[in-house]
Amino acid sequence: MIDAELTLRPLHKVDGDPVFDEPWQAEALAIADILVSKGMFSARTWSEALGKALKDAQSVGAVDNQQTYYNCVLSALEQLVAEHSDIDQQTMATKRQDWEHAYLSTPHGQPVRLK
Amino acid sequence: MPEFDSKKVADIHQQLHSHLPSDSALRIKALETLLVDKGLVNPDTIDAWVEAYSEEIGPKRGAEVVAKAWSDSKFKQKLMQDAPAAIDELGYLGKATAHLKVVENTDDVHNLVVCTLCSCYPFSILGIAPAWYKAAAYRSRAVRDPRGVLAEFGVHINNEVEIRVWDSTAELRYLVLPQRPAGTEQMGEDELAGLVTRNSMIGTDRDLGANPGRAY
């Protein structure tokens with residue numbers, strides 16, 4: 001569903017918003033830029049994948065905000081890593097579950113580590 | 001004591017989940033772990049990148065470039081002809097500015113930069129793109145209705161002034177050289193740089209004399 005109020009609010013109202021809402025967003029952009037620098041995929045390939053992810057999000061009515069933008073960054077990054085390395089989507093999903101389990105099984109205040 | 005037990009279980013459950021990162025954060029953690037394990041990225045490089053773009057690299061760099069162009073005609077000439085070479089002189093060259101074109105505002109022309117595809121942006125000299133630059137509302141309307149978009153930023157362009165919209169790509173990005181405000185002839189580069197707003201270097205700001213010293 002499109003958030004009409006957010007979509008229609010004047011653009012300058014979001015001018016002062018922070019560039020990152022959460023640390024993972026900065027990490028996602030950092031990883032993408034580093035992988036372009038290292039030549040895993042080109043800047044053009046990256047912009048095309050991100051552009052497609054943004055277009056797909058818009059076509060299903062995702063809210064036009066930073067959360068959506070960075071979710072698209074994440075999806076494009078996962079897709080390109082799967083295409084350009086031997087790390088597939090299933091491996092990523094399994095590792096994500098491992099991290100979730102590590103967080104849930106670590107007492108609050110203790111450092112979270114993968115076993 | 002079933003009521004106490006169920007409350008305790010609920011509390012424990014809430015406590016556990018209160019420090020569980022979001023799905024997106026867990027996916028990035030997973031990706032980073034796998035890339036590091038494979039030797040494809042170095043975690044220190046990620047930390048250094050995040051720190052640089054959080055603390056150090058921002059529109060002040062672009063403002064310095066603009067102020068130098070206003071003050072030094074030879075630098076301006078080089079900047080207009082070969083922006084990467086001129087910016088390299090200041091030590092700010094990066095991948096995002098390796099293919100950069102500078103477009104100059106005049107009394108008759110106003111330039112506006114967008115990336116209609118995604119969010120290509122000269123981040124080596126302007127930092128991370130602001131939220132509105134990445135929004136579909138801006139990307140889809142900047143080309144179609146530049147005057148309307150500018151009006152939303154409080155920038156009203158006279159109909160006699162031509163608006164040129166530049167669509168950035170991964171291979172070619174743009175920086176707007178705004179007009180030097182009148183009455184600044186005595187100012188040095190540092191003071192001039194303080195007049196330059198981030199938005200003026202993207203084109204969603206124009207008259208820098210109107211509100212000098214606005215925050216980036």
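No experiment lies behind these values; they were computed from the predicted model shown. Protein chains get the first letters and strands the later ones, always in sequence-line order, with residue 1 at the start of each.
Side-chain contact between B:S22 and A:W24 is present, with heavy atoms from C-beta onward closer than 4.5 Å. Considering only heavy atoms from C-beta on, B:Y53 stays 4.5 Å or farther from A:L29 through its side chain. Between B:K134 and A:L54, every side-chain heavy-atom pair lies at or beyond the 4.5 Å cut-off. Within the 4.5 Å cutoff, the side chain of A:L35 has heavy atoms near those of the B:L35 side chain. Counting heavy atoms from C-beta outward, A:W99 and B:E32 have side chains that stay 4.5 Å or more apart.
Taking chain B as the reference chain and counting heavy-atom pairs below 4.5 Å, the highest number among A:S85, A:A43, A:S47 is found for A:S47. Here B:I46 is the residue among B:N42, B:V41, B:D47, B:I46 with the most heavy-atom pairs under 4.5 Å with chain A. No other option in A:T45, A:L50, A:T91, A:I87 has as many heavy-atom pairs under 4.5 Å with chain B as A:I87. Listed options B:V50, B:I128, B:T169 were ranked by heavy-atom pairs under 4.5 angstrom with chain A; first place goes to B:I128.
Heavy atoms of A:T94 lying under 4.5 Å from chain B are absent altogether. Of the atoms belonging to B:A52, not a single heavy atom falls under 4.5 Å from chain A. Looking at A:L114, only its side chain comes within 4.5 Å of chain B, counting heavy atoms on both sides. Only the side chain of B:T33 comes within contact range of chain A, with heavy atoms under 4.5 Å apart.
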Could you walk me through whether B:S24 and A:Y70 pass the side-chain hydrogen bond (donor to acceptor under 3.5 Å, both in side chains) test, one step at a time?
CA-CA 9 Å; B:S24 302; A:Y70 282 108; over 6 Å; no
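Here the closest non-hydrogen pair linking B:A30 and A:R96 is CB-N, 3.5 Å. Between B:W49 and A:A26, the shortest heavy-atom distance links the atoms CZ3-O, 3.7 Å. Nearest heavy-atom pair across A:M92 and B:L34 is CA-CD1, 3.7 Å. Residues B:A137 and A:D64 share a closest heavy-atom pair of N-OD2, 2.8 Å.
Between B:R27 and the choices A:E27, A:E100, A:E78, the salt bridge (Lys or Arg N to Asp or Glu O under 4.0 Å) rule is met once, by A:E78.
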